[in-house]
Undergrad: 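Got a structure here, written out as structure tokens. Questions coming.
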Amino acid sequence: MAEAGKSLAYHARHEKSWVTATAEQDNPPTFAEVNEDVVRSIVETGPGYWWILGVTVVLTFLCFFVPWFYQLEVGLQASGMNHPVVWGTYLANFIFFIGLSHSGTLLSAVLHITNSSWRKAIYRSAEAMTLFSLMTAAMFVMVHVGRVWFVHWSTPYPNQMGLWPNFRSPLMFDVMAITTYLTASWVFIYMGSIPDFAAVRDRTSGWRKKFFTIWAMGWRGTHREWHHLSQAYTFFAVFVIPLAVSVHSIVSWDFAMSIVPGLHQTIFAPYFVCGAIYSGTAGIVTLMWVLRRAFKNFDRYILPIHFDNLGKLLLVLSLIWTYINICEIFTGWYSGSSGEMEMLKFRMFGFYAPLYWEMIAFCAFLPLLLISKKIRRNLTAMLWISIAINIGMLTERFIIVATSLPRQYLPDAWGFYFPSTVEFLITFGSFGIFLTLFLLFVKFVPSISIYEVKETLPEPRPKGEN
Amino acid sequence: MTISIRSALEPAKRALQFIGALLLGAILGFYGHGWLFPDTTPVQPIEFSHKVHAGDNQIPCQYCHIYARRSTSAGVPSVNKCINCHKSMETTSAELDKLFAYWREREPIPWIKVHDLPDFVYFPHKRHVAAEVDCAECHGDVAGMARVSRVAPLQMGWCRDCHKKNHVNNGQQCSTCHK
Amino acid sequence: MENPHKSLKAKWEENRRPGYYQEYENHWGMVIDLDRCTGCGACVTACQAENNLPIVGEENFREGREMKWLRIERYWEGEYPDVKLRFIPMLCQHCDQAPCETVCPVYATYHNQDGLNIQTYNRCIGTRSCAVYCPYEVRYFNWETHVWDEPLEQQLNPDVTVREKGVMEKCTFCVQRIRKVKDRARDEDNRPLLDGEVQPACVQSCPTEALTFGDFNDPESAVSKKKHNDRAYKVLEDLNTSPSIVYLSRVEPEDESHG
Amino acid sequence: MSEDSINRVKRRDFLKLVGAGSVGVGAGAVVSQVSRNPTELLIPYPVPPEEYMPGVDTWYNTLCQGCSARCGVSVRVREGRVKKIEGNPSHPVSRGGLCARGQAGVHTLYHPDRLTGPMKRLDGKLTQVSWDLVLSHLAHEFRQVLATERGPGVAIVTGSARGHLHQLMQEFLRTLGSSRLITYRIDAQHNLHAANLRSFGARATPYYDIANTPYLLSFGADFLTGWLSPVHYSQAFGDMRQGDGPRGYFVQVEPRMSLAAANADRWLATRPGSEAWLALAICHQLLEDGVYDGPDRNQWVERVADYSPARAVEPTGLGADQIVQLAHDFAAGPGLAIIGGGALHGTNGLLAATAVNLMNYLVGSFDRPGGVLANSPPLFGPEAAYSESPYAGLREIVEAARQGRLEAVILHDVNPLYSAPPELGLREALESVPLVISMSELLDESSEVARFVLPLDSYLEAWGDDSPESGVGFPTASLAQPVARRIHNTKSAGDFLIELAHRLGDDIEEALPWRDFQDFLKARWDEIYRTRAGSLEGFDAFWTATLQAGVWGERSAALGAPNTVMIPAALDDLGHPDPQFSGRRAEYPYTLHPYLSPVFHDGRWAHLPWLQELPDPISGVVYTNWIEIHPQTAELLGVRTRDVVEISSPAGSIKLPVLVYPAIHPDVVAIPMGQGHHRYGRYASGRGANPIEIIASRIDEDSGDLAWAATRVQLKPTGERIDFVTTSGNPRPLGRQILGPADGGHG
């Protein structure tokens, strides 16, 4: 392993960042300790874990699947949607989770090709987050459509009917984009984990050994394998970045390509992408905080500097986000069209005004605190800010849907939308899905990249040799 | 040296085999059941033999299915129609007794639909008869069947193929059959 | 006599493929004369009777889940005593450039041989995007599988599919009637359709004859003629959906002449 | 492990695999079984009926019974089931059009709550019995009635019987020695007929040629939904607006904007009940301007001398100049004036109607296209409509019952306990009558007091005929035929009466010798054939021809006298134009303006789901009714839309949610009729309130007709709210070019 660490270290020059990373602590963990810590996070399972897992599973079942099956039975009347507001919470959540999925893979990829080594401790769980939020988002597509039992018709596959999907449809692009992104992210995270699977394989026994043997795909850590890996990995990193950008642009087109006042915005694509990375990054911060707490010794790998760096990123993103919001409002107002004006009036001063201003407060103003290094280094502050940002982003998705559709062109057909209990439950339950998946993840995959962390550590000294 | 998948799969061999068997079985069962017990040949309340009527006695289809030429539905002959012939000929047989029973009660015969299209499909016999499509093209050699059985899949792809083959005007338009 | 300063729309119009509907047999369209329309609602019920629209019940109305392919919108103008009430029947406009058609991922809605914007219920998967994209909000979604109290279901029109939960539906210009008439014409050795031979339920029932239906491809048809009336306009024309329904605005005589 | 060990399978493993496989097979089989479509049956008729072809429509022509206009309709029948009703294009009344009510008529046949068989009240509870039992019972009872004193102890109240059914009822009663046949509808236009009778001595409603009039002045007549013949006059309205001729200008005068007013070019909100004043004032002005110079001019001048526009200002609330202007425009038109609705049902309704006739007369609008055309009286059917008021009839019945002179009452397709003011005391009266028979399609309020409840055929199952009362300008008559087999154990009124007569035997049977109602109809139509339509060879040919066309008429027939002369005496002894109201202004500040709902009319068909789900044309409200009040009034009371107020009049009080209505006179509150049924099927029961319950039983002394627009009310906020549903979103167009290039559009 040690040699392996060196070999990849050789490919990626990182001495500088190594210094910054180690400057954080007086006694950096030795290679052996890394292995132990990470493997422990997998094999040692306290009652607390089981409790949490149990809770999330039950929550998922009761709050997501039970209401969903009920809805399948009685039809979408179980939701609060109506005419003209035919899109509601489900779609908002869909976008939110797609958003959350960004920056996981994206960030990891970007930071990989830019050789910023501080990513190494966090990227694995970040990518996992991508994967799982994408899956949750996919679930929301199922929940959203009226006849989920025919949803496969939206994918191009040869069938006896001789019918194909409509390739002009942004929803069609969506299906494509999301599946591609999901696959790519899956391959990306899996490939990156192979050496760690091997590492765990070599340190566990019983069914785990078998399990990780399969996943390690007979990784032996030869120089050739490392070479293949690093090349493929870099390739995928480059490949994933445009993909990630495209995914949320396309999601935004679902809206932007309509002519509904408030949705028909040329700026939507960058708006959504930026928003996505924004909420995604915030998500990572939350996640890191949790991991750091959850597992013994992880605070030796997830360091304040990571929070610091992400904090900077968040600050930049929040500024971009605010800018785009202003653009959006301005163009609406400047158009002077009655449709836009009424929509804005409803959005900013109507029933959902509190939500709107809450969003502005959480996503535009609160993050400005990150300008101070103290706050960026204060983990608790970071936690709360990141959570606030994601709440804000969730509301943003909701507001986009719930304040545009009720105020369309024909005043006589104006309506109103408020989510039903079922919708609230399912929204709540969806986080259950996400958590459950993640909890399983930390037990089956090294949630910190063993070998890449090692790259950031000083060469093992004889006394630390095991 | 090579990265060997097989050695990787080794420990999961059993499980994989198990799952494989299960799937294989399921597929077998699904299609086997359809093949062994097809629902294309239901048992009718009266063992009416098209073979005898349309086959041996050469009665043209539209002698009984009188509406096919003029309406969307071909129509099943009324009990009255059966009686008209059978009061004079072939008046004695177990099956005919059933028929006469229905007639005495003035009860309709609850025939079981062999060619059953979904309700969202609009299929006019009229058009197809007018286009001189032979009944057998969809219904098969009914004249040879003692008990009628469905030979065509009656699925959309099948309809469209025929429409394509015969260059039917608007034959590929949804709203030609779905309204 | 090229007009140098012609609007973008005009330029677009002429660069657009000529005779959008020539590839189709007809360009069915409707002319609605708001000076004749009294807003009585006969068309609404006629539509409900013809197209198997469900009886949704008061609760669904409260939820905003009514099923009316054709609704009458009412707008107030002015204040008492010079207050005015105006009606406008709103139904699917069967747009040439229908936004709903581009968004449906499964082609459940598209332009058929009659130049109609058709909804194929059994293909619909219920993403409801078409309803979002439609600026006229004339697409209605089946939030549940509606049932009819016995024996009301005996009235259901056998020529029209009864929709199940989860599918979108909307005005079809009574495509089943168009079919029926075309069918008849075909039996009568393929004669061409006569103008006014096809009448959707709403047009047929209208007591004031405010609605006219016909083929815009036929320059001699009543609708083609009325289209050139100087009161003619299309709703939300600036959205460039080019609807197939032409409205004739209501005449507002100057009241000075009369007391 | 080594290579081969992977491929070699041990026995135990093999067994396991086999087990797995068989489990899979089982599962697969089950799945394929359940995924099969349910088997469907093909059930042909044992003996197919005539002209039956599955998958092909048959159209029958018959008559709509939604209101008294009796439009001719074509009914689409498929596989023996009624699918749709459309206007009969060849029928002179409907001319192919049909209103929402007519469309919804299908459900009178298929309504889930229809009575399925005759019922008898045994110790308070209605229990199903057989027709045979009912008939023998009734025969028995009637014989007793006759035995006691073969006097006028029997009465029939009908809501819809017209044409020969009405005659049959008369016959039936006559044989029983009674003449008490009352046709009661709250929407009856008795004052209109009475006024015409006074003015011209003709037993015919003239034909108002709205289609060709250059200037229409309507006094509260909502001819688009509830006046004489809505569909027919709607068509006329369309032609007036965008017909071949120049566009007619249309002014509506009434305290509350009705659908007609909404479609008028100008709406004048006058004080309620002041229409008589306005009409007289206009006549005064017309004479002053010398518009009329007939020989009888002076007689008119003296008769309207007191009603100068100046004096009309106070009662009408219009400016004198406005009235003068109206008169000028009306003369310039020359105009056509019509009257209906509240204007016709005040205490001065007859006077107002007569004054309106005079207006038309003075500008010479009689016998002129675009004016008032002479009309042929109905070929047959109720004459009573012209002479005696239906409400007078009801009061007479109450009187008789109070004095115990009434043995039996048959309520035929009428619901007086709903549609007549309770103050009349009809309920108590009927409860005191020994034998009350209610013939209706559903259990309604009136069947509560009935000892026998007899299920009526839907009009789609029964024979009938009619000669339109409002007329179409030439003699015409239509036939109604059964278009579907009976789906319940019901009878038509005609058949029932004839059968009952047969049970009663001897002279009564001789008086009504016909096999059934159809037989009776044929006998009667045979006369029409002989007297009028001799052209067709053979009655049967005539009969089938009429059945197929649904109507028979003589366009060629000459219309009444070329120049109508109005009887000056018509205006005499008609009392003062000032309206009288029940309830002192101090105590009851607002005038109640009940109006026929555009959707439900008088509520006869409120049980039809399609109508309940048809948004009200003006408010967009479904499934209930409401009280319309002026924004000022709302402010005064501190109520908003949907706040419930208690509306009390001297006659009683009801509760309704408020609808703040921008187009109503501040002194007036309006309530649509038709809702507020206590029991009338699942769709109508318990929705809203019935304004008739608080209408004072006050009459127009001159005609004896119910003055349902002559009640004052007070409003009390209750603090409750009823969240009624309206399909309307934002009521204002926000300048979005929806109604035309520039909102509203300009010709």
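Small disclaimer: the values here were computed from a predicted structure and weren't measured. Chain letters run A, B, ... following the sequence lines, proteins first and then strands; every chain starts at 1.
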Undergrad: Please lay out, stage by stage, how C:Asp187 and B:Arg127 fare under the test salt bridge (Lys or Arg N to Asp or Glu O under 4.0 Å).
TA: CA-CA 9 Å; C:Asp187 293 341; B:Arg127 275 281 143 253; 2.7 Å; yes
Undergrad: Distance from C:Glu164 atom CD to B:Asp119 atom CG, nearest 0.5 Å?
TA: 11.0 Å
Undergrad: Search all heavy atoms of B:Thr176 against all heavy atoms of C:Arg179 and return the closest pair with its distance.
TA: CA-NE, 4.0 Å
Undergrad: For residues B:His178 and C:Asn122, report the shortest heavy-atom separation together with the two atoms involved.
TA: CE1-ND2, 3.2 Å
Undergrad: Going from CD on B:Gln172 to CG on C:Asn112, what distance comes out if it is rounded to the nearest 0.5 angstrom?
TA: 14.0 Å
Undergrad: Answer with side chain, backbone, both or neither: which region of C:Thr172 has an atom nearer than 4.5 Å to a non-hydrogen atom of chain B?
TA: neither
Undergrad: Given that the side chain runs from C-beta out, which part of B:Thr72 has a heavy atom under 4.5 Å from chain C: side chain, backbone, both or neither?
TA: neither
Undergrad: Start with the C-alpha distance between B:Cys174 and C:Tyr121, add both sets of side-chain angles, then the distance that settles side-chain contact (heavy atoms from CB on, under 4.5 Å), and finish with yes or no.
TA: CA-CA 10 Å; B:Cys174 305; C:Tyr121 311 118; over 6 Å; no
Undergrad: C:Tyr110 versus B:Gln173: any side-chain heavy-atom pair under 4.5 Å?
TA: yes
Undergrad: C:Asn51 versus chain B, heavy atoms under 4.5 Å apart: side chain, backbone, both or neither?
TA: neither
Undergrad: Could you check whether atom NZ of C:Lys227 has more than 12 heavy atoms from other residues, nucleotides or ligands sitting under 6.0 Å from it?
TA: yes
Undergrad: Main chain of C:Gln176, side chain of B:Tyr122: is a donor-acceptor contact present, judged purely on distance under 3.5 Å?
TA: no
Undergrad: Can you tell me if CZ on B:Phe100 sees more than 12 non-hydrogen neighbours from other groups inside 6.0 Å?
TA: yes
Undergrad: Of all the heavy-atom pairs spanning B:Lys126 and C:Asp183, show the shortest one and how long it is.
TA: NZ-OD2, 3.1 Å
